Amino acid sequence: MKQIEVRLAVVLYGGVSLAVYIHGVTREILNLIRASKLLHAEAGAASEAPDSTAVYLDLLKSLEPDIDLRIVIDLISGASAGGINGVMLARALAHDLPLDSHRELWLANADVSQLSEPASLVSRTLKASLAPLIDRVLIRRFGPQIADPETLSKVRRFVQARWFTPPFSGRRFAGWMLDACDGMDAAGSASTSLLPPGHRLDLFVTVTDYRGHRHSIALHDPPVVEETEHRRILAFTCRRALSGEMQSEFGPGHVPSLVFASRATACFPGAFMPATVAEMDSILAERGRAWPARTALLTDKLGVEGDLDQAAANRYFIDGSVVMNKPFSPVIHALGDRPASREVVRRIIYVDPNPRAESRQRSGDGPPGFFRTILASLAVIPRNEPIADDLLGIEAWNRRAKRMAEIINAADPEVERLVDDIVRADPENPPTIAEVGRFRSAANEAAHRGAGYAYLSYQKLKLRGVCDQLSKLVAALTSTPRTQANVDALASAFDRWLAEDPAPPARTIRFLRGFDVEFRLRRVRFVIRRLNELYRSGTESGVDVGSAAIDDLKGALYEAIERAAPRWDPKLYRGAPVEAAGRLASAAAAGREIDDADLAVIEEAMGLIPIDHTLDEIISVMGFAFLPPVARRAVAKAYVGFAFFDLITFPILQWTDMDEINEVLVDRISPDDADGLGAGITLRGTSLMSFGAFFNRAWREHDFLWGRLNAAERCLDVIASAIGPRAAAKLDTERLRGRLFLAILDSEEAHLNADPTLVSRLRTEVMARYGFE
């Protein structure tokens, strides 16, 4: 069975009241991910799939036994309205929590009457006398956008609210977000997850630091300059080990931090008061609620140094869209840290609820007026900065991915010949564990000899990377809040120690053997990559490649990755390694020669040599002994021959940050991309400068429903693209699209009643268009 993993990175734009549409999109994407989880769960769980999840599940089942498709979200980035929805989607994914209760949260509370702070009696009386004048101004400015009686009434009430003070209540909004998170936790369990074992989820939320933070940048003359940066990207992570153990920043203890991120990223200038940590402290105190992760938020995520309480009161944060409304960059930067463990189809899905905003804002003739120019420069233009640079970066990534694949394929025949010279091929007597280790060492030596002077640059790059990582580890083990070990001094000390090798290259070999974590990870991932290719080649050629045995081998290799990957984490080390690190740091600071014995203590604690022995055993027993000849040969070429491949690819990877050597394709979800239903619809929330949905419940219901419908159609498109044209041709995509639409309409009918004709009208259209009785 061909295994394909579709990895989705979701980018959520800002859009004020268009948050309601974005919520509909995230609800639907979550249903797709839940269907993938049910497909790979125990028998019986699948029957519990509700709503459109059941349709997605039927689709995934229909691909078996030819294709085993897994769909995972591992990156989410959001700003403003997208940031709020990103937070909630990430929580739902990390801990298998529902978003159903959020429907009413958005439909009932995302209303100007609920969001607004009440004005004083005197102020209301004064402004009431101006009502006729206000109505004429509003009708002249917005015309048909406020023709609806409910909308006009609420716009008038909004204008009569407090002037020269932000009209919306940030405290009330934060309270709703806390309630929403509590509702999710009450309906779910923190012990479960929609992340498959061995996966990681990262959330990035952009906020604007009003006063900014200072950066020191090294120059030539002057040696250092300081610059102020106002952009902050708050990062939250969940890691699920192969054992199922979770390390999550999305659980109940982190809810206040996530709500603060939501409150800050959506703090539209002029609409809300700037967000502060002190405000969050006050809200939690009123509720008698603790904030276990408060210090971590201030120090690790907001970069606060010194008095935390003073910073909590005096650091102000406003809407993340001021500095980054289309947050592609965090996702693109994170892609390089996503090494593939199976055949991966990478997609970036971005949600743009208002793709025609730029054309509308520039419509009209003649020069813009005084106030329009100021408004555009302060709010409109910064929130619509182009994504051309980011998309060009993805295009460059894809070119490098293709080039890397070409390089590996070109080297294949020569590496195969070199490996055949090293590996003893005896089907009746597979190599022992010791022999596999000797094969690996022989390949390293052959790669060294054959590369000539090119090996020097390869080795230097490896040494530099290991020295830097080891210096950071030693510094982390020895630093305290008052004293910070000098990473540069440690790196220089290790360089001197290597250069003074009394018997070259003995120290270098020992150093890399004891500390080169990344080489082990690259080798195992490369073997898994080649095993994944066997599924495809076996399917195409009809050759039995031993899929079950490959699955078992990959499982053992995943566990080896999980064991080796955290070796640079200082939390792993206690006692003797920490003491040895202290002596190394002291020697480096004093300019003394470091002691071999101290390095040996840390080397033993890292335990890479035992990991090598474990890998040799896995390859010997599970790779050579139980796989068919064609698969056995692929394993030998990948594991033993990796020394040759790494010599070619590692210097290139150093400059590209590409651990995941896969093409990245980009898909958009927006009203303009709907082909199956309502093509080119206009969302109600785009009116009144994107505040429209706050003034009318029927408009919110309309936008929420279309968010789900648009997302369902695009999810189907992503699946068809991922499995390839041959497999997609076997799907009845029109029927599936109609089933998805009907499932969504059926599930939402009881909840969307402000416009009694909305669901029934769309159901009639779907049944007619897709041939349902």
Side-chain angles (χ1 to χ4, degrees), residues 1-12 25-41 45-46 49 53 56-57 59-61 63-64 67-77 86 89-97 99 192-204 236-242 244-248 250 331 334-351 525 528-529 532 535 551 554-555 558 561-562 565 659-667 669 711 714-723:
M1 181 184 294
K2 181 180 179 181
Q3 293 182 325
I4 301 177
E5 180 174 283
V6 180
R7 292 189 185 178
L8 302 180
V10 180
V11 178
L12 305 171
V25 172
T26 57
R27 277 281 306 278
E28 194 59 27
I29 293 175
L30 180 65
N31 281 354
L32 173 62
I33 303 302
R34 183 160 282 125
S36 177
K37 171 67 180 295
L38 289 172
L39 180 73
H40 296 89
T53 304
Y56 293 124
L57 186 58
L59 166 57
L60 297 177
K61 283 181 175 180
L63 300 176
E64 295 179 328
I67 297 176
D68 175 18
L69 188 67
R70 169 168 280 165
I71 306 169
V72 179
I73 294 176
D74 64 345
L75 293 167
I76 302 173
S77 180
L89 175 60
R91 294 202 75 231
L93 292 168
H95 296 291
D96 195 3
L97 303 176
L99 285 176
T192 59
S193 178
L194 293 179
L195 293 179
H199 281 64
R200 164 181 169 178
L201 170 66
D202 283 303
L203 166 71
F204 305 100
F236 301 87
T237 299
C238 176
R239 293 180 178 86
R240 189 178 185 204
L242 287 169
E245 182 183 355
M246 300 274 288
Q247 292 181 332
S248 174
F250 299 103
V331 162
L335 286 178
D337 190 29
R338 287 295 186 280
S341 295
R342 49 180 59 84
E343 183 177 350
V344 167
V345 174
R346 166 61 74 183
R347 295 286 186 274
I348 296 178
I349 294 180
Y350 74 96
V351 181
R525 287 166 181 155
I528 293 175
R529 182 183 177 88
N532 290 330
Y535 293 121
D551 292 343
K554 285 170 58 179
Y558 295 152
I561 289 176
E562 186 171 80
D659 277 350
E660 184 183 275
I661 310 173
N662 293 282
E663 285 191 78
V664 178
L665 302 183
V666 181
D667 298 285
I669 297 178
R714 299 300 279 154
C715 286
L716 188 58
D717 292 342
V718 167
I719 292 173
S721 171
I723 62 179

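Please read these numbers as outputs of a predicted model, since none were measured by experiment.
Put simply, SG on Cys715 and CG on Asn31 are 9.0 Å apart, with the number rounded to the nearest 0.5 Å. Atom-to-atom distance recorded for Lys37:NZ and Leu60:CG is 14.5 Å, nearest 0.5 angstrom. Expressed to the nearest 0.5 Å, how far CZ of Arg91 lies from CD1 of Ile76 amounts to 12.5 Å. Taken from CG in Leu97 to CZ in Phe250, the straight-line distance is 11.5 Å, to the nearest 0.5 Å. The line from CG of Leu201 to OG1 of Thr237 is 8.0 Å long, rounded to the nearest 0.5 Å. Considering CG of Leu57 and CG of Leu32, their distance stands at 10.5 Å, rounded to 0.5 Å.
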- Should Ser36 and Val72 be marked as a side-chain contact (heavy atoms from CB on, under 4.5 Å) after you check the CA-CA gap, both sets of side-chain angles, and the distance that decides it? CA-CA 8 Å; Ser36 177; Val72 179; 5.7 Å; no
- Message: What verdict does the side-chain contact (heavy atoms from CB on, under 4.5 Å) test give for Ile349 and Ile669, after you've listed the backbone C-alpha separation in whole Å, the side-chain angles of each residue and the deciding distance to 0.1 Å?
- Response: CA-CA 7 Å; Ile349 294 180; Ile669 297 178; 3.6 Å; yes
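A donor-acceptor pair under 3.5 Å is absent between the side-chain atoms of Arg70 and the main chain of Glu5, judged by distance alone. Looking only at distances, a side-chain donor or acceptor of Ser193 sits under 3.5 Å from a matching main-chain atom of Ala94.
Contact check for Ile719 versus Ile71: side-chain heavy atoms found under the 4.5 Å cut-off.
Scanning both residues, Leu30 and Ala92, for their nearest heavy atoms gives CD2-CB, 3.8 Å. Considering all non-hydrogen atoms of both residues, Ala9 and Arg346 come closest at N-NH1, 3.7 Å.
The one candidate from Asp74, Leu75, Val10 that meets the side chain to side chain contact (heavy atoms under 4.5 Å, CB included) condition with Val331 is Leu75. Test Ile33, Leu195, Thr192 against Asp96 for side chain to side chain contact (heavy atoms under 4.5 Å, CB included) and you get one pass: Thr192. Screening His95, Arg240, His199, Arg34 for a side chain to side chain contact (heavy atoms under 4.5 Å, CB included) involving Leu194 leaves a single residue, Arg34.
Taking the salt bridge (charged side-chain N to carboxylate O under 4.0 Å, His left out) definition, one finds that Arg714 meets it with Asp717, sequence neighbours left out. With sequence neighbours excluded, the residues forming a salt bridge (charged side-chain N to carboxylate O under 4.0 Å, His left out) with Arg347 are Asp667, listed by chain and number.
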